[in-house]
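For clarity, every value in this text was computed on a predicted model and none was experimentally measured.
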Amino acid sequence: MDDFGDCAGACWCRRDSLTCQRPNTLDSIPIIPSEDERALITKIFIEHQPNFKILSEDQLKLYPNVEKLTIQNSGLHVITENAFEFTRKLKEISIDGNPIVCNCSAKWIQKLAKSDKKILGPLWDQVTCIDRENSNSPALLMNFTIPNCELPKVYVMPEKIIMNESQSADLICSASGDPPLSLYWNTSSLVSNHTIGDFELLGMIDYANGSADMFNSFSFDSNDTVQVLNIYASSGEDNGFVNCIAENDVGQEIAQVFLEIHAIPKILEMKVAKNFYWCIDYQVTGFPKPHRTWYFNNHLLQNPMIQDLENPWTMKNPYLADGCLQLERASQVNEGIYTLVASNAFGTVNHSIGAKFHKDPVVIAHPTYIPQGRLPPPISTIRKKPEPEPKSRTPILISTLLTTAIVLILVISIVCFVQWRKYRRTPDGLNEGASPWLFFCPQSRRNRLRVERIPLNPSQMIVNPNYSKESNKDSIVEIHHIAREKISFVQTLGEGAFGRVFLGTVDYLTPDEPTTLVAVKTLKTNEMDDIKVEFEREAELLANLQHTNIIKFHGVSTDGEALMMIFEYMEHGDLNNFLRDRSPHNESTEIDVNKYPELTIPDLIHISCQIAAGMDYLASQHFVHRDLATRNCLVGDQLVVKIGDFGMSRDVYSTDYYRVGRHNMLPIRWMPPESILYRKFTIDSDIWSFGVVMWEIFTFGKQPWYELSNHEVIQHVTSQKVLPRPPSCPEDIYLLMLACWKTRPQERMTMKNIHAQLEILSSTRDTEYLEVVD
């Protein structure tokens, strides 16, 4: 940010600072009109403002990136306790020369000064407050004893309870303190039936380990506040801590009771599901955590290709076992009855389920190989009810000749069809020694040399509203059809719920290319109408997307058992693995060190710029990606990066997705607040995701919020917290990330502007990197 002078009334703005020194002009922190410019402010300096009396979070939340705040020689006498809730980057506060009031409102500042002297600036020990009880005389806040202002003291009895499920218990919480306090049990997550009341209710029920007499040693002061939590018909799901909270103007204190509720195992769920592999999903509860044993057709399961994998997110839960029995090879041999036996010291339960797996329709074979059974079946003869032999044999002879002629025509047709399929892949005329039967089928010979470009089921095509009819009014969307015989499979690149992706080759994809390496995306079935419609819609959409940073779509193949889409092959795979392999912290030597052994800052900017170019193009086409991440970008030779999603990432990168209702998988670590809260996906939500992608790039493929669980990520994002600046990430790059992470979608920087900024930065890629100031 350059100087922009009188930016907020009586204040002066220069690059990253806001300075207000004109006396008697302010009663709060002024507001810079532009949010983009407010995001660049890291230093605020205010002085000589006697009318500036209260500092609150409403003022500071407009400047979330401020690192140093100075308000001195002004009228500040109250700073609310949550004033700095939205300034997570704040490193230094200077408030000397203000008439801070020596009462409980300043107690938290006093505690802060004693616990962390650095944040209150170099004059932390000179901060004064006004003693209203002593003629408004100034006093050093550090040494001042604020009367009747202490944190509450809170106790619980007992601190731990051990009982069996369905038993009852009384928990007592007592607190004292001045100023007055409020006391409550946090029972928001408590499943067990419970009530909360005064101490007089104690002993109304039987306690698990005795009676209310055990509390006789627990004495109370007459001024204490007491709350009794009565748990009855306890549930094993409540294993863990229950909190009692006491709070007053000074702050909050918490005391905890640990519940250990023994419970017999319960199998809540078992079902057969297809993820990356076939799985038998299960959910088992009980305490201690049940031991699990699997049986197959009443025999102990000991197949090393079948593994019981517990969900890593719930593995530490002492009550819940949530996971799946994974079958790496789901063949007919593995079809049968699976039985789960769950047991602990309090009992054993079991549940069985029948598993039948679908046959994979994809046949991996050389294009010229035709497996047995693939030819059209012969037409069966319909037997009629026998009739009396006619007197004349002439009709029988005529009937025999007609039948023979029909059979001969059918045989010739079948042979022509087989020969046409066998030889149509040859790019140059008939081979020597070609079957003479082919000359009975001249049309087959001509069709072999025809370039196939046909619309895919035009009658079912749906007009895409994302494209202007005016710009395409003279053109018809054509999808290149690639004959199955031209496609060869080399190896499997991955597998997802939809099917598989293979590395393959296509013969004469263009007239001057005898063989082209491609990626082939297959669908497991082409029998369901809705899958066909979705396949056709996706093919039409991909055929319209033409950009250097969008994965190239070659066409489709629909004349085999599986529906196929053919894309260009990117030799370095997905960007996430590419970055991790070249991370400075990666000690692996398995990658090809001759190709980009390390990535520099200019390289990372160049990668970001290419993705921005692709997203800018998609935005211009009104296309919403919904799942932009490095795992869905591909890397080719010369560090070319393109956006492309084969649909495997939800299986291969399963930890990047959060299952909602055990069905929908959402990439919440890449989603903005409006998408998490309201499932609203727009071009603006893609901009937020692009900011996260840049964070991935500059951390060499780290998972966003990797230190947090999915629930914690949701809480952080929806409470306006953002990812920290990656180590060694240039400041102007991080500012671009922040411009993508505005809470209000309409306030985020557009993809066009982001792309333009990155192009400026990327222009220094071949020279020494210099920071570019907006």
Side-chain angles (χ1 to χ4, degrees), residues 81-82 104 107-108 111 114-115 148-263 285-289 314 316-320 346 709 711-712 715:
E81 186 175 359
N82 55 353
C104 276
K107 183 70 174 182
W108 72 272
K111 288 177 58 181
K114 292 180 179 180
S115 63
N148 303 322
C149 191
E150 297 294 337
L151 276 171
K153 296 179 181 178
V154 59
Y155 309 92
V156 290
M157 179 69 182
E159 295 182 352
K160 181 177 181 179
I161 285 182
I162 300 175
M163 61 181 177
N164 295 334
E165 194 170 38
S166 298
Q167 288 186 320
S168 303
D170 289 328
L171 312 179
I172 299 178
C173 182
S174 172
S176 61
D178 193 11
L181 58 87
S182 60
L183 180 68
Y184 59 94
W185 286 95
N186 184 357
T187 59
S188 58
S189 60
L190 204 61
V191 176
S192 305
N193 293 331
H194 62 276
T195 57
I196 298 176
D198 298 329
F199 183 67
E200 286 74 12
L201 297 179
L202 183 64
M204 296 287 288
I205 62 166
D206 292 332
Y207 177 61
N209 297 334
S211 67
D213 293 338
M214 69 175 296
F215 295 111
N216 289 338
S217 60
F218 193 66
S219 59
F220 302 97
D221 187 273
S222 59
N223 294 323
D224 286 356
T225 303
V226 179
Q227 286 284 299
V228 177
L229 173 61
N230 169 221
I231 296 176
Y232 55 96
S234 60
S235 169
E237 295 182 45
D238 288 330
N239 273 285
F241 287 102
V242 179
N243 295 333
C244 182
I245 302 171
E247 58 186 13
N248 60 14
D249 291 342
V250 184
Q252 183 184 90
E253 287 291 302
I254 298 175
Q256 295 181 315
V257 177
F258 184 79
L259 301 181
E260 184 176 310
I261 305 173
H262 298 155
T285 61
F287 189 84
K289 179 176 281 192
T314 59
K316 294 182 180 180
N317 190 318
Y319 177 80
L320 176 67
F346 296 89
S709 69
H711 286 292
E712 291 172 330
Q715 293 172 355

Does some side-chain heavy atom of [Y] sit less than 4.5 Å from a side-chain heavy atom of [X]?
X    : Y    : result
I172 : Y155 : no
Q256 : C244 : no
C173 : V154 : yes
I231 : L259 : yes

Mind checking side chain to side chain donor-acceptor pair (under 3.5 Å) for [X] and listing every partner two or more places apart, or none if nothing turns up?
X    : value
N186 : S188
E253 : none
S189 : none
S192 : D238

Donor-acceptor contact present, side-chain [X] to main-chain [Y], <3.5 Å:
X    : Y    : answer
D224 : S176 : no
N248 : E150 : yes
W185 : V242 : no
K289 : L320 : yes

**Study point:** Any residue meeting ring pair (Phe, Tyr, Trp, His ring centres under 6.0 Å) with H194, in chain and number order, not counting sequence neighbours
**Key:**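 Result, ring pair (Phe, Tyr, Trp, His ring centres under 6.0 Å) vs H194: none returned.
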Point to revise | With sequence neighbours excluded, residues passing ring pair (Phe, Tyr, Trp, His ring centres under 6.0 Å) with Y184 | key: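 Per chain and number, Y184 pairs via ring pair (Phe, Tyr, Trp, His ring centres under 6.0 Å) with no residue.
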Review point. Going through the distances and angles, do M163 and S234 end up as a side chain to side chain contact (heavy atoms under 4.5 Å, CB included)?
Key: CA-CA 9 Å; M163 61 181 177; S234 60; 3.6 Å; yes
How far apart are the closest heavy atoms of [X] and [Y], and which atoms are they?
X    : Y    : answer
F287 : F346 : O-CD1, 3.9 Å
L183 : A175 : CD1-CB, 3.8 Å
A246 : P152 : O-CG, 3.6 Å
V257 : K160 : CG1-N, 4.5 Å
H262 : I162 : CE1-CG2, 3.7 Å
A233 : S168 : N-OG, 3.7 Å

From [atom1] ([X]) to [atom2] ([Y]), nearest 0.5 Å:
X    : Y    : atom1 : atom2 : value
T187 : L229 : OG1   : CG    : 7.0 Å
D170 : T195 : CG    : OG1   : 8.5 Å
S709 : Q715 : OG    : CD    : 7.5 Å
N239 : E260 : CG    : CD    : 7.0 Å

Check your understanding: So with a 6.0 Å cut-off around CD of E159, is the heavy-atom count from everything else above 12?
Key ->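 Check fails, neighbour count at 12 or below.
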Exercise for review: Please assess Q167 against I261 for the test side chain to side chain contact (heavy atoms under 4.5 Å, CB included), listing each intermediate value before the final yes or no.
Suggested key: CA-CA 9 Å; Q167 288 186 320; I261 305 173; over 6 Å; no
